[in-house]
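First up is the structure itself, then whatever we jot down about it.
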Amino acid sequence: MIKHLLHDNIREILSSLELSCEKDFTVEVPNNPENGDYSTNAAMILARENKAAPKKLAEKLAKELRRNKFYKSVEIAGPGFINFKISASLYQKMLWDLRKLGCDFGSSDYGQKEKVLLEFVSANPTGPLNIVSARAAAYGDTLYRIMKKVGFEPAREFYINDAGNQVDILAESLELRLRELHGENIGEFPYEAYHGEYVRHLAHKLNAAEGVRIFMLPEKERTERLKEFALNELLEMQRLSLERFDVIFEGWVSEKTLRAEGVVEEVLSYLTEADCTYEKEDAIWFSSTKFGDDKDRVLMKSDGSITYFVPDLAYHLTKIQRGYTKLIDVFGPDHHGYVPRLKAAFKALKYDEDMLEIIFLQQVNLFESGERVKMSKRAGKIVTMDDLVNVVGKDAARYFFIARKANAHLNFDLELALQQNNENPVYYCQYAHARICSILKKARKDKVYPRSFKKELTHKLNKPDELALIQKMTDLPELLELIAQHREPHRLATYTEELCGLFHRFYNKHQVVSAKNKELSQARLLLIESVKDVLAICLDLMGISAPEKM
RNA sequence: GCCCCAGUAGCUCAGGGGAUAGAGCAGCGGUUUCCUAAACCGUUGGUCGGAUGUUCGAAUCAUCCUUGGGGCGCCA
């Protein structure tokens, strides 16, 4: 709010002074409070294009800025910073304004209704979701919520790889476990097969439903039945895991369905028409090196089957056909080699490759008692997303995943996430919310809480701790826009902790409910109620609950 | 060998080219007749992996080096 206000004010003054303003300057909250409540580098950034010394330009701007009664002081410092001290009256006005907005505070039309498709998780339906999928779910969903809040039209989609090689292997694994269940000696379980215990569970369930009937089917039909059963079960399992994590997808797109619709042939013909396919060693290749990939890629294998790339590309093209102008894919750390061929295909088919944006999440390591938890997918020894959520809970899991920037490795300390004390940041934030609720309850009990608040009450708020809280709250709208723009939801976690820190400090220093000074009490109630609302907005955007009591 | 990501306090990590680089935890010392001590206050702690460059200004941008993690399939 205030940053935008200052930014606009400076721009107005620049244009009234007929000064050029091509480069974009910034308005920031300085690290050091001695440098004011807000600070701009405008004079330094614009010095060159206006052929003026930074300090002289700053002086010129400051002279005009000082006419605004909302600035307590406008000073020039260092190499040409303009530092603002904001009057209490502006903060008081801002508090009243943001209070009126209620849960719409922070909403904007920044995204201009751009249709954005967020694809994330998209795990193989061949087993339970792992912790990297959980990280992707938390990241993608939070980004979705924030983008929606600031005026984009985003949608979440899960691409189901329910066709191809891995699904065949899944069916084979299930058949072996089923035979084993019937007392057959299956020998050593194949290396490539799925070793997880869940395959045995599936076998039991299928056996209970169909018994030996399945073995009477001809081989082809039996395989189809096994595939269908396993896919349905596992997909439902994944969907439930995500639902428990409060992640709901607008769309689930099946690779099998896409194939049945004939899109594979379409994509092959597009690429052929674009003159970038060729035949070699009985396979059909995409000459992706022409478009920046480091090797050409197979489209159709020598056995006549199609590679993963073709239907996936087709899927991406359907996103464009459905009117999305920004396609954001959230990938795990093992897929970065895949991006050049996807980008190459966009170039080959003359689509703007900048529409496609890939975000990489780095790996997650679990730590317990200071030791890294070892996992092996091959041996079926993994900690699943459900395991994690069962142990630490949805709130802590989501918080820890969101709090790190996407492209950094994440060390997840299981014990820390479980601790219900000041070491655990998720409790620190939730506790602030609960604490406020508790004060409000007390105020109602003491009959200090008014039937309705009056704007004049805000004038009672002028202590530095009170104004600092208001200032922090007003930073949220600009922050949300930045987060959406740079796809950096982790900054919301940092912000939330800072806001809570200011509140806890305020709480320890100032009594809110006091019979001696009813008006001040009411003013402070108005303040902390707003803090509670802003906190609830932040927690909701992160998909974390805001408890009234802890 | 090639490609991607990371290296900031003892630990986990913030840090839109800007001022004296921050937070939490750990360590040390304090705070409760009072709205939740799941909190707060004080204090110790740094060659921002290294080098060069770009500029008025670099933890931030570029190049090289180094260490750690991941990826280089007619798997997905």
Side-chain angles (χ1 to χ4, degrees), chain A residues 24 26 28 30-32 34-35 39 41 44-45 47-48 53-54 77-81 83 122-124 126 161 163-167 169 192 255 280-285 294-295 297-303 305-309 312 332-340 360-363 365 367 370 403-413 416 419-425 427-428 430-432 434-443 445-446 448 482 485-486 488 490-491 493-495 497-498 500-501 503-514 521 524-525 528 549-550:
Chain A
D24 200 16
T26 59
E28 298 181 348
N31 295 327
N32 187 340
E34 280 174 28
N35 292 324
S39 170
N41 59 2
M44 291 179 290
I45 294 283
R48 181 166 296 193
F81 289 102
N83 297 335
S122 294
N124 285 337
T126 54
N161 304 134
N165 203 15
Q166 298 300 326
V167 180
I169 296 172
E192 286 292 332
E255 176 184 352
K280 192 180 87 182
E281 293 160 359
D282 297 324
I284 298 175
W285 296 70
D294 46 7
K295 52 181 103 164
R297 306 293 175 172
V298 172
L299 298 170
M300 187 184 280
K301 304 180 219 170
S302 49
D303 66 2
S305 66
I306 221 80
T307 57
Y308 169 82
F309 174 58
D312 188 42
D334 49 345
H335 276 62
H336 84 257
Y338 184 69
V339 177
F360 288 100
L361 291 178
Q362 294 300 318
Q363 159 189 333
N365 295 315
F367 281 81
R404 296 283 162 272
K405 56 185 170 197
N407 55 4
H409 291 209
L410 172 58
N411 290 333
F412 197 117
D413 186 332
L416 178 61
Q419 283 175 40
Q420 306 207 347
N421 60 29
N422 53 0
E423 293 181 37
N424 189 342
Y427 283 95
Y428 185 80
Q430 291 182 315
Y431 180 53
R435 207 173 212 185
I436 294 173
C437 291
S438 160
I439 299 169
L440 296 176
K441 214 167 128 191
K442 158 93 175 162
K445 204 180 120 209
D446 290 3
V448 176
L482 277 170
Q485 184 193 345
H486 297 286
E488 292 176 333
H490 73 276
R491 294 174 65 176
T494 310
Y495 172 85
E497 282 181 54
E498 286 167 358
C500 291
F503 168 73
H504 286 309
R505 245 160 276 160
F506 163 81
Y507 172 90
N508 273 279
K509 221 157 140 187
H510 307 285
Q511 180 88 14
V512 176
V513 182
S514 149
S521 290
R524 286 182 174 163
L525 285 169
I528 64 164
K549 213 160 72 179
M550 284 172 80

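Proteins come first, then strands; the chains are lettered A, B, ... in the order of their sequence lines, and each starts at number 1. Predicted model only: the values in this text are computed from it and were never measured.
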Name the nucleic acid region contacted by A:P333, choosing base, sugar-phosphate or nothing; use a 4.0 angstrom heavy-atom cut-off, strictly under. sugar-phosphate
Plane angle bin for A:F503 and A:F506 - parallel if under 30°, tilted between 30 and 60°, otherwise perpendicular: tilted
Whole-angstrom distance between B:C72 and B:G15, as gauged at atom P: 29 Å
Beyond-backbone contact of A:P425 with A:Y427, side-chain heavy atoms, under 4.5 angstrom: no
Counting only side-chain N and O atoms of A:R505, is one of them less than 4.0 Å from OP1 or OP2 of B:C40? no
So, is A:Y428 near the phosphate of B:C40, with a side-chain N or O under 4.0 Å from OP1 or OP2? yes
Determine the Euclidean distance between corresponding P atoms of B:G22 and B:C48; express it in Å to zero decimal places. 14 Å
State whether A:H490 places a side-chain N or O below 4.0 Å from either non-bridging phosphate oxygen (OP1 or OP2) of B:G15. yes
Contact class for A:E34 (heavy atom, under 4.0 Å): base, sugar-phosphate, or nothing? base
Between A:H504 and A:R435, is there a side-chain heavy-atom distance shorter than 4.5 Å? yes
Rounded to the nearest 0.5 Å, how far does CG of A:L416 lie from CZ of A:F367? 12.5 Å
Given the C1' atoms of B:G50 and B:G42, what is the spacing between them in whole Å? 37 Å
Plane angle bin for A:F360 and A:H336 - parallel if under 30°, tilted between 30 and 60°, otherwise perpendicular: perpendicular
Quick one: the side chain of A:S302 and the base of B:C74, do they pair up donor-acceptor inside 3.5 Å? yes
Determine the contact category for A:S514: base if any of its heavy atoms lies under 4.0 Å from a base atom, sugar-phosphate if only primed atoms, P, OP1 or OP2 are that close, otherwise nothing. nothing
Does the side chain of A:N407 reach to within under 4.5 Å of the side chain of A:K405, using non-hydrogen atoms? yes
I'd like to know if A:T494 reaches the base of B:A23 with its side chain, counting only an N/O donor and acceptor under 3.5 Å. no
Heavy-atom check, side chain of A:I45 versus side chain of A:T26, under 4.5 Å: no
Nearest heavy atoms of A:Y428 and A:G501, plus distance in Å: OH-CA, 3.0 Å
What does A:A432 touch in the nucleic acid at a heavy-atom separation under 4.0 angstrom: a base, only the sugar-phosphate, or nothing? nothing
Does A:R404 make a side-chain N or O approach to OP1 or OP2 of B:A6 shorter than 4.0 Å? no
Give one of base, sugar-phosphate or nothing for A:M44, where a contact means two heavy atoms less than 4.0 Å apart. base
Are the side chains of A:L482 and A:E488 in touch, meaning some heavy atoms are under 4.5 Å apart? no
Using a 3.5 Å cut-off on both pairing distances, which stems of three or more Watson-Crick or G-U pairs include RNA chain B? B:1-7 with B:66-72, B:10-13 with B:22-25, B:27-31 with B:39-43, B:49-53 with B:61-65
Minimum heavy-atom distance between A:N35 and A:P30, given as atom pair plus value: O-CG, 3.3 Å
Rounded to whole Å, the NE2-P distance (A:H409 to B:G71) equals 10 Å
NA contact type, A:E281, heavy-atom cut-off 4.0 Å: base, sugar-phosphate, or nothing? base
Rounded off to whole Å, could you give me the CG-to-C1' distance for the A:L482 and B:G15 pair? 13 Å
On a heavy-atom basis, the closest approach of A:P333 and A:Q362 is CB-OE1, 4.0 Å
Mind calculating the distance between CG (A:N365) and P (B:C5) to the nearest angstrom? 19 Å
In whole angstrom, give the distance that lies between atom CE of A:M300 and atom C1' of B:C74. 12 Å
State, to 0.1 Å, how close A:S302 and A:E281 come at their nearest heavy-atom pair, and which atoms those are. CB-O, 3.9 Å
Taking B:U63 as the reference, what is the distance to B:C4 when you measure between their P atoms (whole Å, please)? 10 Å
Any side-chain N or O of A:K405 less than 4.0 Å from the OP1 or OP2 oxygen of B:G16? no
Kindly indicate whether the side chain of A:N32 and the base of B:A21 share any N or O donor-acceptor pair separated by less than 3.5 Å? no
For the NZ atom on A:K445, are there more than 12 heavy atoms of other groups (residues, nucleotides or ligands in this structure) within a distance under 6.0 Å? no
Taking OP1 and OP2 of B:C13, is either one under 4.0 Å from a side-chain nitrogen or oxygen of A:N411? yes
Base, sugar-phosphate, or nothing: which does A:F360 touch, judged by heavy atoms less than 4.0 Å apart? nothing
Name the nucleic acid region contacted by A:D24, choosing base, sugar-phosphate or nothing; use a 4.0 angstrom heavy-atom cut-off, strictly under. nothing
If we take the P atom in both B:C64 and B:G71, what is their distance in whole Å? 24 Å
Just N and O in the side chain of A:R48: are any of them under 4.0 Å from OP1 or OP2 of B:C56? yes
Mapping A:E497 and A:W285 to their closest nucleotides on RNA chain B, which lands nearer the 5' end? A:E497
Euclidean distance, atom CZ of residue A:F506 to atom P of B:C41 [Å, nearest integer]: 14 Å
Expressed as a whole number of angstroms, how long is the span from A:M550:CE to B:A39:C1'? 12 Å
Contact class for A:Q166 (heavy atom, under 4.0 Å): base, sugar-phosphate, or nothing? base
Name the nucleic acid region contacted by A:K295, choosing base, sugar-phosphate or nothing; use a 4.0 angstrom heavy-atom cut-off, strictly under. sugar-phosphate
In B:U8, glycosidic geometry as syn within 90° of 0 or anti otherwise: anti
Taking atom P of B:A14 as reference, at what distance in whole Å does atom CG of A:N407 sit? 9 Å
Return a single string for nucleotides 29-34 of chain B, one symbol per nucleotide in 5' to 3' order, where B is base contact, S is sugar-phosphate-only contact and - is none, cutoff 4.0 angstrom on heavy atoms. -----B
Which nucleotide sits closest to the side chain of A:Y507: B:C35, B:C74, B:G70? B:C35
Let me spell it out: for each of A:H335 and A:Q363, pick the nucleotide of RNA chain B with the closest heavy atom. Which residue's pick is nearer the 5' end? A:Q363
Taking all atoms of both residues into account, what is the closest heavy-atom pair of A:Y338 and A:D312, and its distance? OH-OD2, 2.6 Å
Looking at A:K301, I'd like to know whether one of its side-chain N or O atoms comes within less than 4.0 Å of OP1 or OP2 on B:G73. no
Against the side chain of A:N161, the closest entry in B:A76, B:C35, B:G18 is B:A76
With respect to the side chain of A:D334, which nucleotide from B:G71, B:G18, B:A39 is positioned closest? B:G71
Rounded to whole Å, the NZ-P distance (A:K549 to B:C35) equals 17 Å
Give one of base, sugar-phosphate or nothing for A:A434, where a contact means two heavy atoms less than 4.0 Å apart. base
What integer number of Å spans the C1' atoms of B:G29 and B:C65? 45 Å
With rounding to whole Å, what would you report as the distance between B:G46 and B:U8 at their P atoms? 15 Å
Is there a donor N/O on one and an acceptor N/O on the other, under 3.5 Å, for the side chain of A:H336 and the base of B:G70? yes
What interatomic distance, in whole Å, is found between P of B:U60 and the corresponding atom of B:A19? 13 Å
Of the nucleotides B:C40, B:C74, B:A19, which has the atom closest to the A:F81 side chain? B:A19
